[in-house]
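Note sheet for the following structure.
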Amino acid sequence: MFEQHVFRRKEIIVAAADMADEKSWYAVRCVFQWDAGESTPYEERLTLWQATSMDEAIARAESEAHTYAGENGHHYLELAQCYRLATPGRPGDGDEVFSLLRDSPLDGQAYLDRYFDTGQEHQAITPQQ
């Protein structure tokens, strides 16, 4: 199988390739900004779609993103990143559903601090066992 990423920003496709002839599963990450009064957090939301192409998966995800944003008072920031699942058939336990490669000169800890653990995340911490 062959996996690709599609990045769309304001209807501009930066990179696109898809070899699916039949329906495949795609995860699409869309980014939103909440309008929560004093705080305006950002949300990265993954949705799963069965489609015949990345373009179809993105179109369906963006349609749903606009509905989700409108129903919840959020702003869809017009960014959709698509990942074609590499495993055949219906997704199952432990299947990879999204992957994004990013080049960076940062070392591991600095990379995590910059992109994933800024201290501004709304997340729970599980107790150590």
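Counting from 1, the numbers follow the sequence of the chain as shown. Here the structure is a predicted model, which is why all the values come from computation and not from measurement.
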Checklist entry - Taking the hydrophobic residues Ile, Leu, Val, Met, Phe, Trp and Tyr, and joining any pair whose side-chain heavy atoms are under 4.5 Å apart, which ones share a cluster with Tyr115? => result Leu106, Tyr111, Leu112, Phe116

Item to check | Where Val97 and Ala27 come nearest, the two heavy atoms and their spacing | outcome: O-CB, 2.7 Å

Item to check | Candidate pair Trp25 and Leu48, rule side-chain contact (heavy atoms from CB on, under 4.5 Å), full reasoning | outcome: CA-CA 7 Å; Trp25 287 96; Leu48 193 58; 3.7 Å; yes

Checklist entry - Going by heavy atoms in the side chains, are Glu64 and Val28 under 4.5 Å from each other? => result no

Next on the checklist: Do Phe98 and Gln81 have side chains that approach each other closer than 4.5 Å (heavy atoms only, starting at C-beta)?
Outcome noted: yes

Checklist entry - Could you go step by step and tell me if Thr87 and Glu96 meet the side-chain contact (heavy atoms from CB on, under 4.5 Å) rule? => result CA-CA 8 Å; Thr87 53; Glu96 180 178 83; over 6 Å; no

Checklist entry - What heavy-atom pair brings Glu62 and Ala80 nearest, and what distance separates the two atoms? => result OE2-CB, 3.9 Å

Checklist entry - Taking all atoms of both residues into account, what is the closest heavy-atom pair of Ala57 and Ala51, and its distance? => result N-CB, 3.8 Å

Next on the checklist: Using a 3.5 Å distance criterion without hydrogens, assess whether the side chain of Arg60 forms a donor-acceptor pair with backbone atoms of Gln50.
Outcome noted: yes

Item to check | Shortest non-hydrogen separation from Pro91 to Leu85 and the atoms involved | outcome: CG-CD2, 3.7 Å

Checklist entry - Which atom pair, heavy atoms only, marks the closest approach of Cys30 to Ala65? => result SG-CB, 4.1 Å

Next on the checklist: So, taking the atom named NZ in Lys23 and the one named OG in Ser53, what distance separates them when rounded to the nearest 0.5 Å?
Outcome noted: 10.5 Å

Checklist outcome for this item: So ring pair (Phe, Tyr, Trp, His ring centres under 6.0 Å) across residues 27-48, not counting sequence neighbours, yields Phe32-Tyr68, Phe32-Tyr76, Trp34-His74

Checklist entry - Among all residues two or more places apart in sequence or in another chain, which pass the side-chain hydrogen bond (donor to acceptor under 3.5 Å, both in side chains) test with Glu121? => result Thr118

Checklist entry - Quick check: are there more than 12 heavy atoms from other residues, nucleotides or ligands sitting under 6.0 Å from CZ of Arg90? => result no

Checklist entry - In the single-linkage hydrophobic clustering (I, L, V, M, F, W, Y; side-chain heavy atoms under 4.5 Å), do Leu46 and Trp49 co-cluster? => result no

Next on the checklist: I need the minimum non-hydrogen distance between Arg45 and Thr47, along with the two atoms involved.
Outcome noted: NH1-CG2, 3.8 Å

